[in-house]
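Have a look at the structure below, then the notes.
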Amino acid sequence: MKTFNIGGVHPHDSKLNADAPVKELPVPQQVCVMVSQHLGAPSQPIVKKGDKVKVGTVLTSNEAFLGAVVHSPVSGTVNKIADVVDASNYPKPAIFIDVEGDEWEDDIDRTPDIKREITLDAQEIIQRVKEKGIVGMGGACFPTHVKLMPPKDAKAEFLLLNGVECEPYLTCDYRLMLDHAEEIMIGATILMKALDVKQAIVGIEANKPKAIEHMSEIAKKYPGVSVQALKMKYPQGAEKQLIKALTGRAVPSGKLPINVGCVVDNVATCYAVYQAVQKNMPLIQRMVTVTGPCVSEPTNFLARLGSPVSAFLDAVGGVPENTGKVISGGPMMGKAIMNTEVSSVKGMSGILVLPEESAHRLPLYPCIRCGKCVEACPMGLEPYLIASTTMAKAFEQTEKAKVMDCIECGCCQFTCPANRPLLDCLKLGKATVGKIIRARNAK
Amino acid sequence: MAENTKWIISGAPHIHGSESVKKIMWGVVIALIPSFLVSVYFFGLQALVLTLVTVAACLVFEFLINRFLFKRACCLGDGSAMITGLLLALNLPANLPLWMAIVGSLIAIGVAKWAYGGLGNNPFNPALVGRVFLLISFPVAMTSWPCARALFGGHTLTDAVTGPTPLGIAKEGLKNGTVSDLAGQLPSYAEMFFGNMAGSMGEISAIAILIGGIYMLCRKIITWHIPVTFLGSAFIFAGILWMANPEQFMDPVFHLLTGGIMLGAVFMATDMVTSPMTNKGKLIFGVGCGVLTILIRTFGAYPEGVSFAILIMNAFVPLINRYATPKRFAVAK
């Protein structure tokens, strides 16, 4: 079975209650929509206190190339625009909207019918994707329209769809592939048209046999689209590792997937593209997995963006008593959040509740130089070396150790028998070296 | 809000694999049990006493150094001092005076380990440093090997018969004679394989060491790289010498079954702290150990060279780490 060539770890997949049907999260009384929900230049709010908005009304503007707008996920009145702590635990601007009824913009097609015929041309598709605020929904939130506009010297050959979901616990992409395979395939066809590529491959990890079977069945009807089962190994869903597994190509250090002729999109993004292009639906809701070992009924919710974490937790029977940590995203790369007021955003794929006993880091031992971090690193780096040079503030050596290639997957720290905080050090080293490089290039 | 703020905030990843330092260290201890049992079988009660004394001495020195020199909580729980004690004992002749074993323990824990900053910071394998210190300081006691099976010969602990190791016999015999002259003086390969020969407590039985090694391989405590290249390169190098002149050099199988090479390749050279980080580095390290061992054995003054070979290669580890970098995912064109 296909997979990437070096490193990787095998965490227990913990896909709890994955076959339970999706529930719709009730629209909360008030939503808190983060102004910037993408990677790139920040957006500016274009509404003000007291403005009436409908579902789908544009709330922000962003003129930057690497930018994405946000739409109102509810109808109601803008209550305030204020800074609020998000999953990064830093305060960021957000638009609070008091919900009144559920009135949608007129041009949005809310019928459940599947619209197969693609009438837009490539340019119109890209424009539509941009207008509807589509970003990568796997967690990185990279504006999707930017991926559809490759630089002049590069040509896309493959569209790769990421249905790997290698993070333990998360099941939202799995549910989406089972419930909306047809729409994902149409979305893939749309993206293929926009990119002018003939081949699309959906990569799915082998622990989801039902999804592989169902998607393969549906894919038969869509020329150029195929499904590839991938070995269960973390981080199979990381962009570079997925490209390696599906095409055998390796994205060189410092380059982008497009440099090897690949564009990678998450299946959830693909579904959002379908909604935007065929149904004129902006990205205002997403599937969120609410899960955890002590959550009585782990469930996937279809929820409006801006819903507070508390609403999700109430829907699964409240915060479990022994909760020690709540994570936005999966356990390998997700962020621990501070309180239940944090609101859902485009990139929030899951809410993971960990009990007190597994919330703490394990006791620290000295590095015993076992080399397991080196073996686990899917980028072929030496995490121990990067960590020690970072802590010694020898950033020249940190740079030489190729810290900028780190994809922050966490394999090193996961596998470290001495429980060293390797990823913390690597992130610090990467951020610092990044700053040094930018300063050097600016000269 | 108040109750929410009790939640733990920490960076990803939020889950951890099942590996831990403790598990690794105790895994090595378990892997040493077969060799320990064989040594007790062949050398009797004195082997048990010597092991207990050495282990206890290592634990006590570890505790005292932590408590009074570093003034911090004790870290005996990680099992590393226990391993040093066990390995040191298995590298000693069973009839070594106990006070010498205690001195060796002090050197191993105090000098080789804590003088460099403790677990993870020592460049040289502590047990080997302890052994080599004893070998140089007390050469007679360290090379008066009790003959295996003395237990069943009716001798008591105090007057156990001593004799040279097969390597010692070969060294002496080849000074003025040829390999054919040695016939009859050496134990058979089967006896060597199961441990029926003179030697250090843990090194005599190849089979017991291999069982421990396979256990550690399955538990992923060690990788195949160092043992295979160590033994392989020693075998090939000894084989070349033997083919060049079978009357002057011992055959390669003899070299693999005698002396500390098995114990060294499986337990001593694979010590994580003092071996290279990458698999490529481990291959270089293993080859270096194997070649040096045979060089010292055949051309050096000592009949046995495993300890020196490993310690010499330990010194090269930082250099190896620097050049034997892992295979990168992809390099920029």
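Convention: sequence-line order gives letters A, B, ...; per-chain numbering from 1.
For the options Ile327(A), Val374(A), Val9(A), heavy-atom pairs under 4.5 Å to chain B are most numerous at Ile327(A). Ranked by heavy-atom pairs under 4.5 Å with chain B, the first of Lys335(A), Lys240(A), Lys427(A) is Lys240(A). Among Ser18(B), Ser275(B), Pro326(B), Gly117(B), the residue making the largest number of heavy-atom pairs under 4.5 Å with chain A is Pro326(B). Contact tally against chain B (heavy-atom pairs below 4.5 Å) for His12(A), His10(A), Met333(A), Glu382(A): the top residue is Glu382(A). Between chain B and the residues Val326(A), Asn5(A), Thr415(A), the largest count of heavy-atom pairs under 4.5 Å involves Val326(A). The choice from Glu408(A), Arg369(A), Glu375(A) that makes the most heavy-atom pairs within less than 4.5 Å of chain B is Arg369(A). Of the residues considered (Ala418(A), Gly334(A), Pro11(A)), Gly334(A) shows the highest number of contacts with chain B, using heavy-atom pairs under 4.5 Å.
Between Lys282(B) and Thr229(B) the shortest heavy-atom distance is O-OG1, 4.0 Å.
Summarising the geometry, atom CD1 belonging to Ile312(B) is positioned 10.5 Å from atom OG belonging to Ser307(B); distances are rounded to the nearest 0.5 Å. Annotation: the span from Leu16(A) atom CG to Leu352(A) atom CG amounts to 9.0 Å, rounded to 0.5 Å. Atom CD1 of residue Ile243(A) and atom CG of residue Asn259(A) lie 9.5 Å apart, to the nearest 0.5 angstrom. To the nearest 0.5 Å, the span separating NE2 on His360(A) from CG on Leu354(A) amounts to 11.0 Å.
The contact between Pro168(A) and chain B is made entirely by side chain atoms (from C-beta outward), counting heavy-atom distances below 4.5 Å. If you measure heavy-atom distances from Ser358(A) to chain B, the contacts under 4.5 Å come from the backbone alone. If you measure heavy-atom distances from Asn89(A) to chain B, the contacts under 4.5 Å come from the side chain alone. Both the backbone and the side chain of Asn419(A) come within contact range of chain B, with heavy atoms under 4.5 Å apart. Both the backbone and the side chain of Asn321(B) come within contact range of chain A, with heavy atoms under 4.5 Å apart. Contact of Leu362(A) with chain B is made through the side chain alone, with heavy-atom distances under 4.5 Å. The parts of Met379(A) that come within reach of chain B are both its backbone and its side chain, each placing non-hydrogen atoms under 4.5 angstrom from that chain. If you measure heavy-atom distances from Leu381(A) to chain B, the contacts under 4.5 Å come from both the backbone and the side chain. Residue contact with chain B, scored on non-hydrogen atoms closer than 4.5 Å, is absent for Phe4(A). Heavy atoms of Gln413(A) lying under 4.5 Å from chain B belong to its backbone as well as its side chain.
When ring centroids are compared, Trp114(B) and Phe70(B) come within the 6.0 Å threshold.
Each of Val28(B), Leu128(B), Asn125(B), Ile310(B) was compared with Asp271(B) under the side chain to side chain contact (heavy atoms under 4.5 Å, CB included) criterion, and only Asn125(B) meets it. Partner Ser80(B) forms a side chain to side chain contact (heavy atoms under 4.5 Å, CB included) with one of Val21(B), Leu119(B), Val273(B) and no other, that one being Leu119(B).
More than 12 heavy atoms of other residues, nucleotides or ligands lie within 6.0 Å of OH in Tyr215(B), so this atom counts as buried by the packing criterion.
Salt-bridge annotation for Glu62(B) and Lys113(B): present, with a side-chain N of the basic residue lying under 4.0 Å from a carboxylate O of the acidic one.
The side-chain heavy atoms of Cys411(A) and Pro378(A), taken from C-beta on, include a pair separated by under 4.5 Å.
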